[in-house]
Every structure is written in structure tokens, then in C-alpha cells.
Protein chains: 2
Amino acid sequence: MKSQKELSKTDHSTEDKIKNAARLIFHKKGYAATRTRDIAEEAGINLALLNYYFRSKEKLFDIIMLESLQGFLHSIKEVFNNEETSLENKIETLVSNYIDLLIEQPDIPLFLLSELRNNPNELVSKINIKQVLMNSYFIKQFKHAMNDGIIATMNPLHFIMNILGMTVFPFIASPILKSLSDISPADFEDLMNQRKILIPNWIKGMLIV
Amino acid sequence: MKSQKELSKTDHSTEDKIKNAARLIFHKKGYAATRTRDIAEEAGINLALLNYYFRSKEKLFDIIMLESLQGFLHSIKEVFNNEETSLENKIETLVSNYIDLLIEQPDIPLFLLSELRNNPNELVSKINIKQVLMNSYFIKQFKHAMNDGIIATMNPLHFIMNILGMTVFPFIASPILKSLSDISPADFEDLMNQRKILIPNWIKGMLIV
DNA sequence: GTCTATAACGTGATAGAC
DNA sequence: GTCTATCACGTTATAGAC
């Protein structure tokens, strides 16, 4: 239950106030549409202070971007490299954790994907997503099960696309989905919580030999 | 096979040159990050002409946005309201059409979803997505099959999220996915083409009672 | 550290010649 | 219709007082 604390992090220092405001607005509007004035106002401080602490809009953005990316990968990393849990259990945990995360911070995926779009970013290589995902214990288990004929043979990328697609996409597309049905935010959250059970079941269905 | 023609539309008139350039850059960078100067350069004309023809950046954007949204919905509309085809056939056709469309114009989904994010846009209601999707012949077939016990019972929204999630998400997340494996653009396209067959099969698996 | 005032710059839009 | 030159404005960033 750290999420609430995570969101409105310790707002003690001015530096933290600015960072929290920046995260909020960058996530919501993206780099280009964000004005440093908005961040300053949201933080309740003066515009000059932003440059005093972070030098420039871009530097501040880079910090937020890095942290957001790391935070988002953190969930996967922990689950994927747990050597105690089964393949099935990993899927259930991952989906459930992500849905919880996305209910709290629904803006993160669209933010990350938009900002990563054109920047074959140094960040992506710095964070080394490849190492985290493709060399994980999870992938080992997956390939092992395929070799043993326990699950159907497929490129692990398909598998990752399906899990992430079914889990993350509804949040990215929520503006449209909400307009499809006359669905309230509470209803939407209910639907997403249902998916904690549904998605792992669907995924299992895909793996049957 | 209209797609090629669709993309580089008749570049005859200056107006079309500007629109095509605008579409290209807006799709790639979004509204805020796009400079009218970039559009003018891409179109090979002068900045003043852009305002001469379209009055303002925003007006030009609105046109591109509307057309893009309509184009994207067009695929669904046609497939979903065909009263001759089966439920299974509709799924196969929709997935296949979308993958073809996204291979040609991979920037569209992220563009639409980003720009729609904060605008409970008049557009969304003007286009009336709800009407197109939820009152379609497809949804009728779907509910019918559920009532008859032919397919598993679930909220149709889950179903739509799954199809779109599995189909569209890989394109949205392609920068990350490409960095995961050392996958070439051609390999990525191959993977996506595989999914024309795979996704409908997975979806059918979800529907088994 | 924090503020006000202002400089420096980029961008959308227009005037006016051709 | 198309161009060059320029305006008008908003935004980032800094100087300098407190």
C-alpha cells in the first residue's frame, strides 16, 4: 500500500514540491505542451526557483522521465526474476500489480510511449529494458516450458505483447472506451479489476498445447 | 489496395501538399511539438501559404484530426455492419485490415490517443463512435451468441479491449519492443503479419464456453 | 533560498510587394 | 497564389534585490 505515499511523495523540500508538480503535469500533457509556468504554479513556487533547482525544463524532464521509466520497469523486474514462483503465478501477479499501478497513475503509459516515440532515446539503452525482460528468469521458465512441450510454441514477444496489450491498452484508450458505454470512472475501475482474473485465464488459454 | 494512394494523396494542389505534410508531422510529433514552419518546409512551400489556405495551425490540425479519426473508424464500421459475415469472419477481417493499416501508418494510434487524452473532445461526440461500435450488427451478433450459450458470457467491452489491445498495442509500443529483441523493421512486420492469424485464434479461445 | 523584473528567443500570424 | 520581411506574443531562462 505504498502507492498513495508514492504519488504525493514527501512534499517537504522545495525541490520535491517541484518534482512532484513536474511529474504530474508532464505525465498529463507531455513535454512539448507543458509550460514551466504551469509546473511552478502547481508547485506553489516561483518560476525562477524551478531554474534555480533544475537548471532547465529539459533537465527537469529528463529526471522525471528516468524515474517514471524505472518505476514502470520495477514492477516487471521484481516479478519476472522471482525464482520461487511458477509461470502462472508470475502472470497473475504481474497483471494484478500493473492494474493497481495504472488505476492510480493512468497517465503513465501514454506519457512514456509518446515521449519515447521519436527518441531512439539514450534512456532506453541506459535503463536496458532488454536485459531486464529478455534475460529474466521468467523468459527462462517460458522457454523451458516450450521445450518440454508443456505450453504451445511461440515467439516470447507475442506473449509479452499480449499480456501488456490486454493489460495496458484499456488505460491508454480509456477516453474512447468511456465514451463507448456511458461508463462512470467507478465502473471503469470495476472492469479493470475484473481483468486481474480474466486476463491470466485468457493467457493460459493461449498457452494450451 | 488503396492504402498507397491514401498515404501520398494526390499532391497536385498546394492545399493538398500542405495537408499531406501536416498529416505526416502532426501524426509523428503531435500538435504541441509541431511547428508550422516544419509543415511548410515538408510541403515545400512558404510559411505564409499555410495561413493563407488554412487560417491557423489549429484549424489545419482540426481538419487532420477529423480525417484521421474518421479513417480509423472507417475500417471498423465497414466490417462491423456487414450483415453477410459471421462473427468469426468479422474478427479475422478486422484484425487483418487493422494490421495492414498500421503497418502503413504506425503513428496513427498514438497520435489519436494522445490528442484525445485531455480533450473530452467535441470530435468524439461528433463522430459518434458509440453509435458506430455499440449499435453495430457485430455487437448484435455477439450478444445473440451469448444468449444462445454459444460463446462465453462477458461484457462486450472486455472483448473490444482485447481485440484492439492485442492488435494495436504492439504498434504503439514498437519502440520498446524493437529494443527488446534486436529486431529489424522487417522482422517486426513479419511478426505483425503472423498476428493476423494468431490473434483471431486466441480470441476464439477466449469465447469457448 | 526566494522573489520581481526583464532579457533572449522561438513561434504563429500578417502586411505588402510581386 | 506565392513570396520576403516583420510583427506580436508567449515561453524559457537569467540578473539582481532581498
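Chain letters run A, B, ... following the sequence lines, proteins first and then strands; every chain starts at 1.
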Side chains of [X] and [Y]: closer than 4.5 Å at any heavy-atom pair?
X	Y	answer
B:Glu58	B:Tyr31	yes
B:Leu69	B:Ile64	no
B:Thr167	B:Leu94	no

Using the ring centroid of each side chain, check whether B:Tyr137 and B:Phe80 are separated by less than 6.0 Å.
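No, ring centres 6.0 Å or more apart.
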Quick check on the 6.0 Å ring-centre criterion: do B:Phe26 and B:Phe111 meet it?
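Between B:Phe111 and B:Phe26, which both carry aromatic rings, the centre distance is not below 6.0 Å.
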Between [atom2] of [N] and [atom1] of [X], the distance in whole Å:
X	N	atom1	atom2	value
A:His12	C:dG1	NE2	C1'	18 Å
B:Arg35	C:dA13	CZ	P	14 Å
B:Ile45	C:dA13	CD1	P	14 Å
B:Asp38	C:dG10	CG	C1'	12 Å
B:Phe54	D:dT2	CZ	P	12 Å
A:Lys29	D:dT11	NZ	C1'	13 Å
B:Leu49	C:dA15	CG	P	15 Å
A:Tyr31	C:dG10	OH	P	13 Å

Could you walk me through whether A:Lys57 and A:Thr36 pass the side-chain hydrogen bond (donor to acceptor under 3.5 Å, both in side chains) check?
CA-CA 7 Å; A:Lys57 177 187 178 182; A:Thr36 51; over 6 Å; no
Check the phosphate of C:dT2 against A:Thr14, side-chain N and O only, distance under 4.0 Å to OP1 or OP2. Yes or no?
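Result: yes.
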Sugar-phosphate or base contact per nucleotide [nucleotides 13-18 of chain D; S, B, -; heavy atom under 4.0 Å]
BB----
Once you apply a heavy-atom cut-off of 4.0 Å, does B:Thr34 come out as touching a base, just sugar-phosphate, or nothing?
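Since only primed, P, OP1 and OP2 atoms lie under 4.0 Å of B:Thr34, the category is sugar-phosphate.
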